[in-house]
Amino acid sequence: MKVTAAVALAKGEPLVIQELILDAPRATEVQVRMVATGVCHTDAIVRDQLYPTPLPAVLGHEGAGIVEAIGEGVTSVEVGDHVLLSFSSCGVCSSCVSGHPSYCIHLYDLDFSGARPDGSTAFTTDDGTPISSHFFGQSSFASISNVAERSVVKISKDAPLELMGPLGCGIQTGAGAVLNVLRPEAGSSIAIFGSGAVGMSGLLAAVVVNATTIIAVDIVDSRLEFAKTLGATHTINSKNEDAVARIREITGGGVNYALDTTGNKFVFAQMTKSLGVLGHGALVGAAAPGTESPIDIGSLLLTGLKISMVIEGDSVPQTFIPQLISLYEAGVFPFDKLVKKYDFADINEAFADSESGVTLKPVVIF
């Protein structure tokens, strides 16, 4: 069938909306008609080839839509179900079977290779030229896509599909890093470096678990003011003051927990220095391969702190995302405050607004 897609044709170039041919869903694939999809920083860095997915490609990995058809062997959903789309995993490696699918040993092949395991792509041009598909198992920058069943999360038909997509990656990443990995206790302190959509999601999660000192660190005053409305008890503009010194002053020696959402090597070093004795820090920000951060291991050895590298919130999407939706419906996880909607035709504007910081979490509507 013919579908409309936003295609990344060349490194660093704006996406081009064009018609493609979509093949039939294969075994263990779900054909989904997209209602909306989030735009994530990872889409931008793959478009710009910091991470090597073959171009031209249909990117997009925060899709939400309705099941149109199912391939052989699909058991988790039926035609007409409402679904949210997340990353793909094999389901059988040691990481997957132990409840950590975001560390699947086949993660690159399933999420970034641009093809099915057999090398075929779901999309082609009219003349038969293959277009990379199955980005994060889904390639949601298309009006209809064939999605790996492992990427699919069935959700209630009462949940607003126009809002749900970002739970598949960005929101899940920030909230999961806090709820699944750091696990701050009620009354504890946490510093969150970076006040984008991922950082704000981590902040909302810290509020959910009743952390009582929540410090947002950024260089944009408007974002810091917004963080206060979401529950930040303190804010620091690290361009104007020493973030580490200020955090130690606020907490009397260092935070219990910290989250770096920036992927900046200098911010990562700041995060490690901001932790108190036996503190626990997590990195979720994506940096270019080869990025190294200067860390004083001689001093840090004495603190007993832990540093975790976290992908996709170390979550099982099929169980964690429904939990986030329940928190949203209960009024305690208002991630919708981060979202701004765009028409699909304006997807490049959504990318630009995300990069400039005008919008925290763009969602394009089909």
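For clarity, every value in this text was computed on a predicted model and none was experimentally measured.
Here the shortest heavy-atom pairing between Pro166 and Leu163 reads CD-O, 3.2 Å. The shortest non-hydrogen separation linking Ala286 to Tyr51 is CB-OH, 3.7 Å. Minimum interatomic distance between Arg183 and Tyr257 (heavy atoms only, all atoms of both residues): O-OH, 3.9 Å.
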What side-chain donor-acceptor pairs closer than 3.5 Å can you find for residues 356-366, not counting sequence neighbours?
{"residue": "Ser356", "atom": "OG", "partner": "Ala352", "partner atom": "O", "Å": "3.3"}
{"residue": "Ser356", "atom": "OG", "partner": "Asp353", "partner atom": "O", "Å": "3.2"}
{"residue": "Ser356", "atom": "OG", "partner": "Val358", "partner atom": "N", "Å": "3.3"}
{"residue": "Thr359", "atom": "OG1", "partner": "Tyr342", "partner atom": "OH", "Å": "2.6"}
{"residue": "Lys361", "atom": "NZ", "partner": "Val39", "partner atom": "O", "Å": "3.1"}
{"residue": "Lys361", "atom": "NZ", "partner": "Glu62", "partner atom": "OE1", "Å": "3.0"}
{"residue": "Lys361", "atom": "NZ", "partner": "Glu62", "partner atom": "OE2", "Å": "3.2"}

Side chains of residues 86-94: which donor-acceptor pairs under 3.5 Å do they make with residues two or more places apart or in other chains?
{"residue": "Ser86", "atom": "OG", "partner": "Gly168", "partner atom": "O", "Å": "2.7"}
{"residue": "Ser86", "atom": "OG", "partner": "Gln172", "partner atom": "NE2", "Å": "3.2"}
{"residue": "Ser89", "atom": "OG", "partner": "Arg150", "partner atom": "NE", "Å": "3.2"}
{"residue": "Ser89", "atom": "OG", "partner": "Arg150", "partner atom": "NH2", "Å": "2.8"}

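Between Tyr103 and His100, the two ring planes are tilted [angle within 30° to 60°].
Under a 4.5 Å side-chain heavy-atom criterion applied to ILVMFWY residues, the cluster that includes Val277 comprises Leu278 as well. Think of Ile215 as one node in a network of Ile, Leu, Val, Met, Phe, Trp and Tyr side chains linked at under 4.5 Å; its network also takes in Phe193, Val217, Ile236, Ile247, Ile250, Val255, Val267, Phe268, Met271, Leu275, Leu283, Ile295, Ile297, Leu300, Leu305, Ile307, Met309.
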Would His61 and Cys40 satisfy side-chain contact (heavy atoms from CB on, under 4.5 Å), going step by step from the backbone distance to the final call?
-> CA-CA 8 Å; His61 62 285; Cys40 181; 3.4 Å; yes
Taking it one step at a time, do Thr235 and Arg223 satisfy side-chain contact (heavy atoms from CB on, under 4.5 Å)?
-> CA-CA 10 Å; Thr235 59; Arg223 287 194 173 191; over 6 Å; no
His41 vs Ser354, side-chain hydrogen bond (donor to acceptor under 3.5 Å, both in side chains): CA-CA, chis, key distance, verdict | CA-CA 8 Å; His41 178 63; Ser354 177; over 6 Å; no
Begin with the C-alpha distance, continue with both residues' side-chain angles, and end with the deciding distance and a verdict on side-chain contact (heavy atoms from CB on, under 4.5 Å) for Ile21 and Asp126.
-> CA-CA 7 Å; Ile21 306 299; Asp126 284 335; 3.6 Å; yes
From CA spacing to verdict: side-chain contact (heavy atoms from CB on, under 4.5 Å), Ser189, Asn256 | CA-CA 5 Å; Ser189 59; Asn256 305 125; 3.0 Å; yes
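Within the 4.5 Å cutoff, the side chain of Val316 has heavy atoms near those of the Pro101 side chain. Annotation: side chain of Leu204 is in contact with side chain of Leu230 (closest heavy-atom distance under 4.5 Å). Side-chain contact between Gln31 and Val79 is absent, with no heavy-atom pair separated by less than 4.5 Å. At a threshold of 4.5 Å between non-hydrogen side-chain atoms, the residues Ile17 and Leu15 do not count as touching. For the pair Leu338 and Ile171, the minimum side-chain heavy-atom distance is below 4.5 Å. Asp81 places none of its side-chain heavy atoms less than 4.5 Å from the side chain of Ile66. Using a 4.5 Å cut-off on side-chain heavy atoms (C-beta onward), Asp109 and Pro117 make no contact. A heavy-atom distance below 4.5 Å is not found between the side chains of Thr233 and Thr212.
In terms of modelled atom types and a separation under 3.5 Å, the side chain of Asn180 and the main chain of Gly313 share a donor-acceptor contact. Between the Gln49 side chain and the Val46 main chain, a donor and an acceptor come within less than 3.5 Å of each other. Without hydrogens or angle criteria, Ser139 side chain to Val58 main chain gives a donor-acceptor distance under 3.5 Å. Remark: side-chain polar atoms of Asp127 are paired, donor with acceptor, to backbone N or O of Thr129 under 3.5 angstrom. The backbone N or O of Val220 lies less than 3.5 Å from a partner atom in the side chain of Asp218, making a donor-acceptor pair. A distance-only check finds a donor-acceptor pair linking the side chain of Thr53 to the backbone of Phe112 [under 3.5 Å]. Side-chain atoms of Ser308 never come within 3.5 Å of backbone atoms of Val310 as a donor-acceptor pair (strictly under, hydrogens ignored). Distance alone, capped at 3.5 Å, places no donor-acceptor pair between the Arg47 side chain and the Gly12 backbone. Not one N or O on the side chain of Thr262 forms a donor-acceptor pair closer than 3.5 Å with the backbone of Gly194. Looking only at distances, no side-chain donor or acceptor of Thr124 sits under 3.5 Å from a matching main-chain atom of Thr121.
Among residues at least two apart or in separate chains, salt bridge (charged side-chain N to carboxylate O under 4.0 Å, His left out) pairs with a member in residues 332-342 are Glu162-Lys341.
The side chain to side chain contact (heavy atoms under 4.5 Å, CB included) test applied to Phe266 returns Asn264, not counting sequence neighbours.
Dense packing is recorded around CD of Glu329, with more than 12 heavy atoms of other residues, nucleotides or ligands lying under 6.0 Å away. Atom CD of Glu241 has more than 12 neighbouring heavy atoms from other residues, nucleotides or ligands inside a 6.0 Å radius.
His234 and Thr213 share no side-chain donor-acceptor pair at under 3.5 Å.
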